[in-house]
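Worksheet: one structure, shown below.
Numbers for residues simply follow the sequence, beginning at 1.
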Amino acid sequence: MLIVMRPDATAQDIERVNDEIRRRGWQPHAISGGTRTAIGITGNPGAVEPEPFRVLPGVADAVPVSQPFKLVSREVKPDDTTIQLGNLVLGGKTIHIMAGPCSVESHEQIIGTAKAVKKSGATMLRGGAFKPRTSPYEFQGLKGDGLALLAEARKETGLRVITEAKDTATLAAVAEVTDIIQIGARNMQNFSLLEAAGELRKPIMLKRGLSASIKELLMAAEYIVARGNTQVILCERGIRTFETMTRNTFDLNAIPMLKALSHLPVWADPSHAVGVRKAVPAMMRAAIAAGADGLIVEVHPDPPRAKSDGAQSLDFSEFDKVMAEVRAVAGALGRDVARLE
Ligand code: PEP
Ligand code: MN
């Protein structure tokens with residue numbers, strides 16, 4: 001149920017509705033629109049009777065929400081959510097590109113990559129410090145040292161930073177350093193991690209699970225937003241199918257579907273989605289054409305020597321070349337690609 005307040009509703013009217021919701025043992029969630037406030041309800045075990053709310057002062061309407069996801073849905077909040085990172089706005093008309101290695105490996109590697117991707121037009125640096133690897137014998141990341149190197153790269157270049165929080169034990173340490181916390185595909189339904197991320201007031205990028213439906217991704221995002229952290233980016237990163245020539249199958253469909261179903265910014269990760277370096281530039285262009293608000297791309301100074309995901313990482317010149325194409329596709333759609341000064 002969504003309680004839509006009239007444009008002239010007072011703060012008192014809104015508080016009265018909140019009280020009525022709480023009195024029933026449910027939780028109100030105020031969602032401010034351009035001209036009026038709406039109040040979402042969660043915690044209700046069954047359908048909500050609209051009439052007792054419709055008669056309250058300042059209430060324009062009480063409308064049922066048809067989807068199981070509520071706070072992340074466009075039904076509840078028609079306007080796009082944007083995320084402010086200093087002077088950068090993510091999720092608006094301007095597209096942002098995050099780029100960097102799969103894993104932070106060394107000082108030279110991360111600083112060198114940061115400078116190169118900035119020059120090509122990225123606004124954010126990616127790099128895993130805590131790596132959730134399929135095999136326990138593979139490189140697990142530099143952990144705390146990796147976070148420190150990301151902080152140094154930010155200081156040196158002005159790029160914002162995104163890195164993954166692999167578990168609740170390291171979430172606080174990651175949150176302290178990073179500008180956006182990545183929750184990886186393997187953790188999309190780690191509900192303890194989602195709940196803990198929901199308690200933070202820091203942007204989260206939630207990646208689609210390996211075999212998760214669009215609805216499951218949105219329900220996972222709902223866990224974070226229901227705890228009060230409304231700054232969530234959804235990321236399509238490919239799903240498992242019968243295909244073996246590519247690492248995953250890039251579900252381009254998900255991009256316009258997520259944009260239609262949710263107000264949250266929608267990102268794409270063409271690197272993990274296809275997993276084959278030669279195919280990554282085409283999928284970057286395709287993701288922008290499909291309406292993505294941004295991309296996260298793996299770039300490495302020497303992909304064959306990367307400690308993880310070298311096969312899908314672009315080198316500096318490949319990244320530079322495709323960025324010009326990405327800007328052209330964005331321009332054809334009336335969007336631009338952000339650049340740092
Ligand atoms: C990554 O970004 O390096 C990563 C591990 O991604 P995903 O969780 O999508 O597999
Ligand atoms: Mn990777």
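Looking only at side-chain heavy atoms (C-beta outward), Ile39 and Ile21 come within less than 4.5 Å of each other. Residues Leu159 and Arg154 have side chains not in contact (no heavy-atom distance under 4.5 Å, counting atoms from C-beta outward).
Salt-bridge check for Glu51 with Arg54: passed, with a basic side-chain N closer than 4.0 Å to an acidic carboxylate O. Salt bridge status for Arg22 with Asp19: present, with a side-chain N to carboxylate O gap under 4.0 Å. Using a 4.0 Å cut-off between charged side-chain N and carboxylate O, Arg227 and Glu199 make a salt bridge. With respect to Lys259 and Asp293, a salt bridge is recorded, a charged nitrogen being found less than 4.0 Å from a carboxylate O. Using a 4.0 Å cut-off between a side-chain N of Lys or Arg and a carboxylate O of Asp or Glu, Lys155 and Glu152 do not qualify as a salt bridge. In summary, Asp80 and Arg74 engage in a salt bridge, as defined by a charged side-chain N under 4.0 Å from a carboxylate O. Salt-bridge annotation for Lys93 and Asp336: absent, with no side-chain N of the basic residue lying under 4.0 Å from a carboxylate O of the acidic one. The pair Arg126-Glu164 fails the salt-bridge criterion, with no side-chain N (NZ, NE, NH1 or NH2) lying under 4.0 Å from an Asp/Glu carboxylate O.
Between the side chains of Thr163 and Gln182, no donor N or O sits under 3.5 Å from an acceptor N or O. Side chains of Asp320 and Ser317: no donor on one and acceptor on the other come within 3.5 Å. A donor-acceptor contact closer than 3.5 angstrom links the side chains of Ser103 and Ser308. Under 3.5 Å, the side chains of His29 and Thr42 contain a donor-acceptor pair of N or O atoms.
Geometric assessment of Lys166 against the ring of Phe130 yields a negative cation-pi assignment under the 6.0 Å and 45° thresholds.
Under the 3.5 Å distance criterion, the side-chain polar atoms of Arg208 are left unmatched by any main-chain donor or acceptor of Ile239. Judged by distance alone, with hydrogens and angles left aside, the side-chain atoms of Glu325 form no donor-acceptor pair with the main-chain N or O of Arg285 at under 3.5 Å. Between the Glu222 side chain and the Leu71 main chain, a donor and an acceptor come within less than 3.5 Å of each other. With Glu105 contributing its side chain and Lys307 its backbone, the two residues share a donor-acceptor pair below 3.5 Å. For the pair Arg247 (side chain) and His272 (backbone), a donor-acceptor distance under 3.5 Å is absent.
Across every non-hydrogen atom of Ala212 and Glu216, the tightest pair is CA-OE1, 3.3 Å. Taking both residues in full, the closest heavy atoms of Glu298 and Cys102 are given as OE2-CB, 3.1 Å, listed atom of the first, atom of the second, then distance.
Summarising the local packing, NZ of Lys115 is surrounded by 12 or fewer heavy atoms from other residues, nucleotides or ligands at distances under 6.0 Å. Around the CZ atom of Arg201, the shell of radius 6.0 Å holds more than 12 heavy atoms that belong to other residues, nucleotides or ligands.
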